[in-house]
Amino acid sequence: MSRSNDAVAGMLREYSELLAIAGGPAFKVRAYEKAARAVAGHPDDVTGLSGKELRGIPNVGDHLARKILEFLDTGSVTELVELRSRVPEGLRTLLTVPGLGPKRAHQVYEQLGITSIDGLLQALHEHRLQDLRGWGAKTEDNLAASLGEAHSAGERVQLGFALDLAEELLTRISAWPQVRRAAYAGSLRRMRDTIGDIDLLVAAGEAEPVMSGVVELPHVARVLAHGPTKTSVVTSTGVQVDVRVVQPDVWGAALLYFTGSKQHNIEVRELAVRAGLKLSEYGLFDVETGVLVAAETEEEVYARLGLPWIPPTLREGAGEVAAALGGRLPQLVRIGDVRGDLHTHTDLTDGVATLEQMVAAAKARGYEYYAVTDHAPLLYMQRMTREKALAQRKRIRELERTSGMSLLHGTELNVQPDGSLDWDEEFLSTFDIVVASVHSQFRQPRAEMTARVLRAIEHPCVHVIGHPTARVIGTRRPVDLDFDAVFRAAARTGTALEINAFPERLDLDGDLVRRARHLGVRFAVSTDAHAVPHLDFMRYGVATAQRGWAAPGDVVNTYPLDELRRFLAKPLVTAGERTFTP
DNA sequence: GCCGTTTTCGGCCCGACTGTTTTCAGTCG
C-alpha cells in the first residue's frame, strides 16, 4: 500500500477528529472522514497528482485537494496546525476508547480538564465522572471495562502495520553496499496477529556501517541501544525495532534463532543436545570437537537435526517439532493456492471503489473467480434494497462476459440477535454465495450468542459465517461462543467459517482455525475488501490459515470453480437435519 | 466540505441500543 496515501488519509482523519472534538459541524466532520477513506482506498499513489486529478477521487473537492497538495508539498497543513493548537493533544487518543466519542471527550476536557487516558483512569478511580451531566454509574463501569481492554492490548501493533513498516525498512537497508541479505524475523515472520517489536536480521561482512545506518534512518525517534552488532530503536510511530547483524555464512542459524518462538527454539535445541550438538545463532556445532556442522541455511540446520524445514507460521512450540519428526507436518495452504476472494464490498454499500474497479483489480491479481458481497438491508445505514441488489447482479453478469473471470454475486447478511437474517429464503437462494456475519449486539451471553450463530449456520442458504468472533484487535473482544458447538455444526452442515484477512480482524485466528480444522470445518480465506488495496490483505489471511495448520483442501477458495460450486450447493444440509427454521 | 442537481443551494448513511433521562443525547455500525 502506498505510504503517501496513508499519510494523507491520516492527516484528513486527524482533521476530522479534531473538528469533532472542537464541536465543528457534523457534516464537515463526516466530509473529512469520507475523504480520508477514499484516499486510503485509492489505488494510485496520490504523490504527484494534480489538483484536478485529486478532485477525481470521490469526496475530494476543491478545498481538500488544495489541503492535500499543501500537505504533500510541505508536510503540513496550516489550518490543521491551527486546529491542533485549539485541541489538547491527548484528547484525540481518548477517541480510541470504545464508548467515548467526541462529545464526551470534549465534556471531560471542558469540565474536568482531562486530556489523556491516564487522566481519565484517574478520574474514573475517583468516581468523578458520574457527576457529569448524562453520566452515571453504568457509563463509568462500561468505560472502565473498555479501558481495561485497551490497556491489555499493551503496546503491540497489528500485523499489517508492522509488516508494512518492516518491509519499508528492509528496502532501505538492503540497498546499503555492505548488506548481503536482510529479512524480518521474530513474531512478524511467524505472522502473529499482533507484534511487540520488529526483529530485523541483516547479513553483512562489515557490521559497523549497518549499525550506524540504522540509527540514521528517518523513521528513528529514539535510540535505545547501539552496539557493534545489535541496535534497538523506537520509530516515530512508537514501534521498537531491533536490528541484528551476523556474518553471511551463519544466516540460517541466526534466522532460525531470531524467528523463534522461544518454545520452538527450546525444543529444537533439545534435539540438538540429544544428538551431541549445540545450537545457537552462530550455528550448529559438535559439542566434543567444536566443529561447525551447519549454519548457512535453515534447511541445513533442520536437516542435521533430522527435521524437514518447518514453516515459520507453525513455530509456536505447539506440536510442530513432534509432527516434523514423525513426518506429519501439514502441507500448508499458500497464497498461490488461492483462486478467488469470497467476501468483498463495493461503493454500492460501504466500499470506496466501484464494482468495475474491484473486478479489474481482482482480475489483475490473476483470480479465477471473485465474489461481490455487499451488505444487506438490516445494516440500515447502507440502505440496501432488493432492487439495488438485482441491478448489481445484472451488471455483474454483463461484466462477467467481458472480464474473463467468473463472478459470483453474493451478499453479506446480518445475523440478528435471534439468529434471523435479512431477506427471505426464496430471494436468498438466488445469490451465488451468502456470507452471514454478526454486526451488532456483541455482548450477548454465551448461550444466546451460540444459538444465534447456530441458527445462521443451519440456514440452507448461508455458505460462510463472516468474521465469526467479530473481534477487532485492540478494540473489541471476541463474542462469547461455544466454539465446539459452532465448529461441529459448521462441519456437519458444510458451512465454511471465514478467516477474515483484514489486519484488524484476523478472525478466526490461528488457534481457533486449528481447533475447527480438527472437527472437520472448512474455511473461506477472504479479505472483506472495502477498497482496491485491501485485496492485498489476502496474505494475512493465508498466514492465519497456516497458523491454524490449514491445508489447501481445508480452504474452499483454493478449489477450482466447479468444485467450489459443489461446496456452495451445501449438499450436507437436508431439511430433516435442520434444527432451526428461519 | 462534497455533491448533484428540480445545477450555485440544500441536503448530507439512518436506525438501534444504552443509559440517562422523564423525552433524549451519545455512540456505534
Side-chain angles (χ1 to χ4, degrees), chain A residues 8 11-13 15-39 51-52 54-70 77 79-80 83 94-111 129-146 345-352 374-385 388 412-418 420 422 437-444 448 466-467 470-472 475-476 479 502 504-505 528 530:
Chain A
V8 170
M11 179 272 288
L12 294 170
R13 198 160 282 129
Y15 205 111
S16 164
E17 289 176 0
L18 293 181
L19 205 56
I21 298 171
F27 57 84
K28 206 163 154 181
V29 172
R30 267 200 306 276
Y32 277 88
E33 170 59 27
K34 277 157 70 178
R37 266 166 43 85
V39 170
K52 186 160 182 267
L54 286 173
R55 287 197 302 277
I57 300 173
N59 302 308
V60 176
D62 275 339
H63 282 82
L64 289 190
R66 271 204 296 277
K67 283 201 174 74
I68 292 170
L69 284 174
E70 184 187 351
V77 177
E79 285 175 72
L80 177 58
L83 191 54
L94 291 186
L95 297 185
T96 63
V97 180
L100 194 66
K103 292 279 164 47
R104 284 181 178 155
H106 184 75
Q107 193 183 16
V108 297
Y109 166 59
E110 279 289 312
Q111 296 182 25
L129 295 171
Q130 53 184 313
D131 300 334
L132 296 173
R133 180 168 178 77
W135 292 66
K138 284 285 253 197
T139 321
E140 271 199 355
D141 288 350
N142 288 337
L143 202 58
S146 37
H345 297 272
T346 74
D347 62 1
L348 182 60
T349 56
D350 58 351
V352 298
D374 271 314
H375 288 288
L378 288 170
L379 206 60
Y380 300 97
M381 58 180 171
Q382 305 302 346
R383 299 204 289 189
M384 178 56 97
T385 63
K388 285 185 186 177
E412 183 184 15
L413 304 178
N414 306 283
V415 183
Q416 297 297 98
D418 67 352
S420 61
D422 319 57
S437 314
V438 168
H439 289 128
S440 61
Q441 292 279 82
F442 302 106
R443 285 191 281 181
Q444 277 182 320
E448 283 170 39
H467 45 73
R471 75 161 175 174
V472 178
T475 300
R476 185 167 67 217
V479 299
F502 229 80
E504 287 85 347
R505 291 191 183 272
D528 200 355
H530 285 66

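First the proteins, then the strands, lettered A, B, ... as listed; each starts at 1.
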Inset, instruction - Evaluate the ring planes of A:H345 and A:H375, with Trp represented by its six-membered ring, and classify them as parallel (under 30°), tilted (30 to 60°) or perpendicular (over 60°). - result: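 Taking A:H375 first and then A:H345, their aromatic rings lie parallel (interplane angle under 30°).
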Inset, instruction - Quick one: classify the glycosidic conformation of B:dT20 as syn or anti, with syn meaning within 90° of 0. - result: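 Here the answer is anti: the torsion falls beyond 90° from 0.
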Legend entry - First of A:G136 and A:P102 reached from the 5' end of DNA chain B, by closest nucleotide: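 Looking at the nearest nucleotide for each, A:G136 comes out on the 5' side.
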Inset, instruction - Would you kindly compare A:Q107 and A:K138 by the position of their nearest DNA chain B nucleotide and give the one closer to the 5′ end? - result: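 Residue closer to the 5' terminus by nearest nucleotide: A:K138.
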With rounding to whole Å, what would you report as the distance between [N] and [M] at their [atom1] atoms?
| N | M | atom1 | result |
| --- | --- | --- | --- |
| B:dT23 | B:dC28 | P | 26 Å |
| B:dG10 | B:dC17 | C1' | 30 Å |
| B:dG4 | B:dC13 | P | 12 Å |
| B:dT6 | B:dG15 | P | 24 Å |
| B:dT20 | B:dT27 | C1' | 13 Å |
| B:dT21 | B:dA16 | P | 24 Å |
| B:dT5 | B:dG11 | P | 16 Å |

Starting from [atom2] on [N], measure out to [atom1] on [X] and report it in whole angstrom.
| X | N | atom1 | atom2 | answer |
| --- | --- | --- | --- | --- |
| A:M384 | B:dG15 | CE | C1' | 17 Å |
| A:H530 | B:dG29 | NE2 | C1' | 11 Å |
| A:Q111 | B:dG26 | CD | P | 11 Å |
| A:R133 | B:dT20 | CZ | C1' | 9 Å |
| A:L83 | B:dG1 | CG | P | 11 Å |
| A:L379 | B:dC28 | CG | C1' | 11 Å |
| A:L95 | B:dT27 | CG | C1' | 11 Å |
| A:F442 | B:dT27 | CZ | P | 18 Å |

Could you work out which one of [options] sits closest to the side chain of [X]?
| X | options | value |
| --- | --- | --- |
| A:K103 | B:dT27, B:dC2, B:dC13 | B:dT27 |
| A:H439 | B:dT27, B:dC2, B:dG29 | B:dG29 |
| A:R476 | B:dG29, B:dG1, B:dT27 | B:dG29 |
| A:K67 | B:dG1, B:dG29, B:dG26 | B:dG1 |

Legend entry - Closest contact, heavy atoms only, A:D422 versus A:L378: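 Nearest heavy atoms, A:D422 then A:L378: OD2-N, 2.7 Å.
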Legend entry - Cation-pi geometry met for A:R13 and A:Y32 (6.0 Å, 45°):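 Cation-pi check for A:R13 and A:Y32: fails.
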Contact class for [X] vs. all strands (heavy atom < 4.0 Å): base, sugar-phosphate, or nothing?
| X | answer |
| --- | --- |
| A:N142 | sugar-phosphate |
| A:S440 | nothing |
| A:A137 | sugar-phosphate |

Legend entry - pair A:E412-A:H467: side-chain heavy atoms closer than 4.5 Å: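 Yes, close enough: below the 4.5 Å cut-off.
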Inset, instruction - Answer whether the closest heavy-atom distance between the side chains of A:H530 and A:T349 falls below 4.5 Å. - result: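 The answer is no, as the side chains (C-beta and beyond) never meet within the 4.5 Å cut-off.
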Inset, instruction - Look at A:Q441 and B:dT18 and indicate whether a side-chain polar atom (N or O) is within less than 4.0 Å of OP1 or OP2. - result: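 The answer is yes; a side-chain N or O of A:Q441 sits under 4.0 Å from OP1 or OP2.
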Inset, instruction - Could you tell me whether the phosphate oxygens of B:dC13, OP1 or OP2, come under 4.0 Å of any side-chain nitrogen or oxygen in A:T349? - result: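 Answer no for this pair, as no side-chain N or O of A:T349 is under 4.0 Å from OP1 or OP2.
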Inset, instruction - Sugar-phosphate atoms are those with a prime plus P, OP1 and OP2; base atoms are the rest. Using that split, label each nucleotide of nucleotides 3-12 of chain B B, S or - for protein heavy atoms under 4.0 Å, 5' to 3'. - result: S--------B
Inset, instruction - Spell out, as yes or no, whether a donor-acceptor pair under 3.5 Å connects the side chain of A:Q441 to the backbone of A:Q416. - result: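 No.
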Inset, instruction - May I ask you to decide if A:R505's main-chain N or O and A:R471's side chain share a donor-acceptor pair within less than 3.5 Å? - result: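 Yes: the side chain of A:R471 pairs with the backbone of A:R505.
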Legend entry - B:dG4: pairing nucleotide in any strand, Watson-Crick or G-U under 3.5 angstrom: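 When the pairing criteria are applied, B:dC9 turns out to be the nucleotide that pairs with B:dG4.
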Inset, instruction - Look up atom CD1 in A:I21 and atom CZ in A:R104, then write down how far apart they are to the nearest 0.5 Å. - result: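 If I round to the nearest 0.5 Å, the distance is 14.5 Å.
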Inset, instruction - Take A:K28 and A:Y15, measure what side-chain hydrogen bond (donor to acceptor under 3.5 Å, both in side chains) needs, and give me the verdict at the end. - result: CA-CA 10 Å; A:K28 206 163 154 181; A:Y15 205 111; 5.6 Å; no
